[in-house]
Amino acid sequence: MTRGRFISFEGIDGAGKSTQHAWLVGHLRRHGRTVVATREPGGTPLGEKLRSLLLAEAMHLETEALLMFAARREHVAQVIEPALNRGDWVVCDRFVDASFAYQGGGRGLDWGKLQTLTRWVLGDLQPDLTLIFDAPVAIAQQRLHAATANPDRFEKEQAAFFEKVRAAYLRIAAENPDRVRVIDATRTPDDINKTLEKIIATF
Ligand code: TYD
């Protein structure tokens, strides 16, 4: 049995990543792949409960990071590893890079602490491919405000926070050129679909 493939989607809020996530899942299924479409925080019943807390309740930044990783531990054990072992493709809307970008970059949590949690929770597991949807913060904020009636705790953050999150994502991309592709998310959805199609065809 060949191990499945693991793709994660990342980007600041409003970059349009969730629309593209849904498109890629459909594209892979149309091409005969068995796909597990999932998301973080969440992806399991317990993880979805933790998501509700994380998106609504004010908390210490280390509590926030620990709950993200607690949800992730459950997700890896219950969903991601079993799917990859069955040979399925896992397409995840956000994964561990979001913790480095948001808790590390955005909130300023020590990168080393995040690396310790990553080793603990993931061991050797990492996505085979990570797509970072990148757009200037002003554009992402405009899209977010147009599309979101009730912003959550993260979506309510100011532009300066998202500048730091974006910079952290770009740092992650620069440090992991074999795994990470940065997608220019200012283009039309159709153009982005074509880019994704090409990336997947040679992946
Ligand atoms: P998001 O994918 O933006 O959900 P939606 O599109 O439904 O609004 O994810 C929710 C938020 O969680 C997002 O603002 C980023 C945040 N987040 C972190 O801060 N750290 C993490 O490790 C993860 C996975 C998400």
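Keep in mind it's a predicted model, so treat the numbers as computed, not measured. First listed ligand is number 1; within each ligand, the first listed atom is number 1.
Scanning all protein heavy atoms for the shortest distance to atom 17 (N) of ligand 1 gives Met68 CE, 3.6 Å. Closest to atom 23 (C) of ligand 1, if we only count protein heavy atoms, is Ala98 CB, 3.5 Å. With respect to atom 25 (C) of ligand 1, the closest heavy atom belonging to the protein is Pro41 CD, 3.5 Å.
Of all atoms in ligand 1, numbered sequentially from 1 with element shown, those under 4.0 Å from a heavy atom of Tyr102 are 14 (O), 15 (C), 18 (C), 19 (O). Within ligand 1, the atoms closer than 4.0 Å to a non-hydrogen atom of Asp13 are 3 (O), 13 (C), 14 (O), numbered from 1 in the order shown. Shown in contact with Glu40 at under 4.0 Å from a heavy atom are these atoms of ligand 1, numbered in order with element: 24 (C).
Here the shortest heavy-atom distance to atom 22 (O) of ligand 1, taken over Ser18, Ala65, Ala15, Ser99, belongs to Ser99. Relative to atom 8 (O) of ligand 1, the option among Arg107, Glu155, Lys17 with the closest non-hydrogen atom is Glu155. Here the shortest heavy-atom distance to atom 5 (P) of ligand 1, taken over Arg51, Gln103, Arg94, belongs to Arg51.
Within the cation-pi definition used here (under 6.0 Å to the ring centroid, within 45° of the axis), Arg171 qualifies as a partner of Trp111.
With Phe9 as reference, Gln20 is the one residue of Arg39, Arg94, Gln20 to meet the side-chain contact (heavy atoms from CB on, under 4.5 Å) rule. When each of Lys164, Arg107, Gln141 is checked for a side chain to side chain donor-acceptor pair (under 3.5 Å) with Glu157, only Arg107 meets the rule.
Contacts between Leu55 and ligand 1, counted as non-hydrogen atom pairs separated by less than 4.0 Å, involve the side chain only. The residue Glu64 has no part lying near ligand 1, judged by heavy-atom distances below 4.0 Å.
Under the ring-ring contact (aromatic ring centres under 6.0 Å, His included) criterion, His75 pairs with no residue at all, not counting sequence neighbours.
Residues Ser99 and Arg72 come closest through the heavy atom pair OG-NH1, 2.9 Å.
Judged by the shortest distance from any of its heavy atoms, Arg153 lies outside the 4.0 Å radius around the atoms of ligand 1.
Between the side chains of Thr195 and Arg187, a donor-acceptor pair is found at a separation under 3.5 Å. Side-chain contact annotation: Thr188 with Asp190, donor-acceptor N/O pair under 3.5 Å absent.
Among residues at least two apart or in separate chains, side-chain hydrogen bond (donor to acceptor under 3.5 Å, both in side chains) pairs with a member in residues 3-18 are Arg3-Glu81, Arg3-Asn85, Ser8-Thr130, Glu10-Tyr169, Asp13-Tyr102, Lys17-Asp93, Ser18-Asp93.
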